[in-house]
Each structure stands twice: as structure tokens, then as C-alpha cells.
Amino acid sequence: MELLAVPAGNVAGMIFSLAVAFGLPIGLYLYLKRKLYARTSSFVFGMLVFILFALVLESGVHTFVFALTGTAITGSLFLYALYAGVMAAAFEETGRYLAMRFLLGRMGPMDGKNALMYGAGHGGAEAMILLGLTSINNLANATLINSGSMPEVLSGLADADRQMIVDSVAALWESPAWLFFAGGFERVVAICLHVALSVLVWRAVRDGKAHWYWAAFGGHFAVNFIAVLLAGYSILATEIVVALMTAGVVWYAMRAYKEAETE
């Protein structure tokens, strides 16, 4: 396969996704810090809990479970979607609860605005790591390809290795432009979801009532389950359905937030 120019629309989508991945979390942080006087520690703990519970602990369990079960789970889309939804909800919502219950409360009142800040950090870390780094890599490769520098970079490699790299970056010019914009849109929705889920878990900590935790668990599970289930059929349909489901979770969390403010 030969190297082809990466279309301008694809590059624009990469830039959009990169801007969302870093700009939205930072923008939310600055707004909550300056306007609502939320604590920086809430944002930082949100990031750290995502890294620890999702990227380290959850990933470690995946490795163990998949090694133990073979293709029993991964061979069935339904079972895999069910498993992925349960695991994501269990690790991330439990991490969220533990951080709010035992750590953030020691640094000051664990109130609504700090729940929002925590959610911005949690969703922000996910966006920066999963989308931001990918967008940077995509833009770097697109720049090398469009500038004509990629052949020189690959010149010292064996033919098989060179072809493997060319095959791996082929999606940069083969994929439609909207797909690169979809990554940014997906992260906007995901950050909104994490902020909403953080509000629900905050209510569980604040009120000492487990049903708020299970509401967050259920919302997280449902969104992840549907996202995995539909992804194999249509990316566009997945984004639309997940956005609508997230809107429902956000609406419910807004009611919980306003209810807490009036008490």
C-alpha cells in the first residue's frame, strides 16, 4: 500500500478532537475554579481515580478474566457488552464513591460544586489520555505524510516493518472526515456523563443513601452496554443513542443537584 495525502477534512477533524480532549476539561476546570470556587484537588482526584481504577485496576482484571475465560466472553457481542458495562460501572463508580467519601471530604466540604469539579477531572483524564494522545499521534503522522517526510522516516526500516506502519496509518486517509469529528463529539458526551454521574455519587455520600450510588452505577452501565452493543453495527447510530441516553442521565443529575441546593 502506498502513502496517500491525508484530506484537509480529516486533519480538521483531528484538530477538533484534540481541542476537545484538552480544551473542554481545562475550560471546565477554569470555569468551576473561578466562578464557583471549586477546589483544584477535586479535579486532580478525579483524574487520579480514573487512571487508577479504570486504566490500572480494571485493565488488570480484564487481563485475568480474558485469560481465564478464553473467547467465552469476547466471542459473544452481547456477553462482552454486558461484561464491559458492569466492569466500567463497578470500578469507576466505586472509585468515585471512595474518593468522595474518604479523601475529598478531608480537604474541605464535599459539596455540589466540587462534585462537578471531580467529574470534570474524571472525564477530562479519560479524554486527554484516550482521545488527546491519539489525536496528537494522528496529527503527527498526517503532517509527516502531507509534507512528504514520511518516506524518509521509514527509509531505514525493513520492507515488512515499513509496510506494517503504512498499513497502520492508512485509516488517516481512508476514513471519512466525520469519523475524526465523531471522536471529539463522543468525548463531549462522555465528559457530560462523568460530571452527571459524579453528582449522583456525591448525593450518595452526602445523604448516606445507597440508591444514589446505584443510580450512577445503572446509568454508567446502561450507556456503556449500549455503546459496545451498537458499535459493531453503526458508529453514527451509537453516538446518537449514547448522546440521548446521556442527556437523560444529565437531566436526572440536574434534578438531584437542584434538589440538594434547596434542602
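Each residue takes its place number in the sequence, starting with 1.
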Worksheet entry | All pairs passing side-chain hydrogen bond (donor to acceptor under 3.5 Å, both in side chains) where residues 215-236 contributes a residue, at least two apart | Glu93-His220
Discussion item. Test of understanding: clusters of I, L, V, M, F, W, Y form through side-chain heavy atoms closer than 4.5 Å, transitively. Do Tyr31 and Leu28 belong to the same one?
Written reply: yes
Discussion item. Counting only heavy atoms from other residues, nucleotides and ligands, does the tally under 6.0 Å from CZ of Arg101 exceed 12?
Written reply: no
Response to the item:
Output for pair (Asn141 CG, Asn137 CG), nearest 0.5 Å, gives 5.0 Å
Item to complete: Please tell me if the side chains of Phe43 and Lys33 come closer than 4.5 Å, counting only heavy atoms from C-beta onward.
Response: no
Item to complete: Would you name the heavy atoms of Leu82 and Phe225 that are closest together and state the gap between them?
Response: N-CD1, 3.5 Å
Practice prompt. For side chain to side chain contact (heavy atoms under 4.5 Å, CB included), just list the numbers for Leu18 and Asn138, CA-CA rounded to whole Å, side-chain angles, deciding distance to a tenth of an Å, and then say yes or no.
Written response: CA-CA 10 Å; Leu18 179 62; Asn138 286 343; over 6 Å; no
Worksheet item: What heavy-atom pair brings Val199 and Tyr257 nearest, and what distance separates the two atoms?
Response: CG1-CB, 4.0 Å
Discussion item. Donor-acceptor check, side chain of Ser147 to backbone of Leu144, threshold 3.5 angstrom: yes or no?
Written reply: yes
Discussion item. Looking at His194, is its backbone amide N or carbonyl O close enough to the side chain of Arg96 to form a donor-acceptor pair, meaning the two atoms are under 3.5 Å apart?
Written reply: yes
Fill in: Any Phe180 side-chain heavy atom under 4.5 Å of Ile15 side chain
no
Discussion item. Holding to side chain to side chain donor-acceptor pair (under 3.5 Å), I want the full list of residues that pass it with Thr262, two or more places apart in sequence or in another chain.
Written reply: none
Discussion item. Any donor-acceptor pair under 3.5 Å linking the side-chain atoms of Gln163 with those of Asp167?
Written reply: yes
Worksheet item: What's the spacing between Leu30 CG and Ile26 CD1 if we round to 0.5 Å?
Response: 7.5 Å
Worksheet item: How many angstroms lie between atom CG of Leu230 and atom CD of Glu239, to the nearest 0.5 angstrom?
Response: 10.5 Å
Practice prompt. Would you mind listing every side-chain hydrogen bond (donor to acceptor under 3.5 Å, both in side chains) that reaches into residues 68-88, with sequence neighbours excluded?
Written response: His62-Tyr83
Worksheet, complete the sentence: For Ala190 and Glu126, the nearest pair of non-hydrogen atoms, with its separation, is CB-OE1, 4.1 Å
Discussion item. Quick one: does any side-chain atom of Arg39 pair with a main-chain N or O of Pro109 as donor and acceptor, under 3.5 Å?
Written reply: yes
Discussion item. Within the supplied structure, the quantity of interest is the number of heavy atoms (other residues, nucleotides, ligands) at a distance under 6.0 Å from Glu152 CD; does it exceed 12?
Written reply: no
Worksheet item: Side chain of Trp212, backbone of Trp202: donor and acceptor closer than 3.5 Å?
Response: no
Worksheet item: Would you say the side chain of Ser198 lies within less than 4.5 Å of the side chain of Met100, judging by non-hydrogen atoms?
Response: yes
Worksheet entry | Exercise: identify the closest heavy-atom pair between Pro7 and Leu172 | CD-O, 4.1 Å
Worksheet item: Closest heavy-atom contact between Ser17 and Ser135?
Response: CB-OG, 3.6 Å
Discussion item. Measuring from atom CG of Leu52 to atom CE of Met47, what distance do you get when rounded to the nearest 0.5 angstrom?
Written reply: 14.0 Å
Worksheet item: Does the side chain of Ile129 come within less than 4.5 Å of Ile51's, by heavy atoms?
Response: yes
Worksheet item: Do you reckon Leu103 sits in the same ILVMFWY cluster as Leu57, going by side-chain contacts under 4.5 Å, direct or chained?
Response: yes
Practice prompt. Begin from the C-alpha positions of Met117 and Tyr29 and carry the test side chain to side chain contact (heavy atoms under 4.5 Å, CB included) through to its verdict.
Written response: CA-CA 7 Å; Met117 183 68 101; Tyr29 165 77; 3.6 Å; yes
Worksheet item: Which distance, rounded to the nearest 0.5 Å, do you find between the CZ of Arg203 and the NZ of Lys209?
Response: 7.5 Å
Worksheet item: Going through the distances and angles, do Asn114 and Leu104 end up as a side chain to side chain contact (heavy atoms under 4.5 Å, CB included)?
Response: CA-CA 9 Å; Asn114 281 293; Leu104 289 173; over 6 Å; no
Worksheet item: Do the side chains of Met14 and Leu4 join up, straight or via other hydrophobic residues, at under 4.5 Å, putting them in one cluster?
Response: yes
Worksheet item: Is the backbone of Phe102 close enough, under 3.5 Å, to the side chain of Arg106 for a donor and an acceptor to pair up by distance?
Response: yes
Worksheet item: Nearest 0.5 Å, what's the CD1-CD1 distance between Ile240 and Ile235?
Response: 12.0 Å
Discussion item. Any heavy-atom pair between the side chains of Val153 and Ile165 that's under 4.5 Å?
Written reply: no
Practice prompt. Look at the side-chain heavy atoms of Ile, Leu, Val, Met, Phe, Trp and Tyr, link any pair under 4.5 Å apart, and say whether Val65 and Phe53 land in one connected group.
Written response: yes
Practice prompt. Please lay out, stage by stage, how Phe217 and Leu197 fare under the test side chain to side chain contact (heavy atoms under 4.5 Å, CB included).
Written response: CA-CA 8 Å; Phe217 186 103; Leu197 294 174; over 6 Å; no
Item to complete: Please work out whether the ring planes of Tyr118 and His122 are parallel, tilted or perpendicular, with thresholds of 30° and 60°.
Response: tilted
Item to complete: Can you see which heavy atom on Cys192 is nearest to which on Val250, and at what distance?
Response: O-CG2, 3.8 Å
Worksheet item: Transitively linked via ILVMFWY side-chain contacts under 4.5 Å: Ile226 with Phe78?
Response: yes
Worksheet item: Would Phe181 and Trp178 count as a close aromatic pair, with their ring centres under 6.0 Å?
Response: no
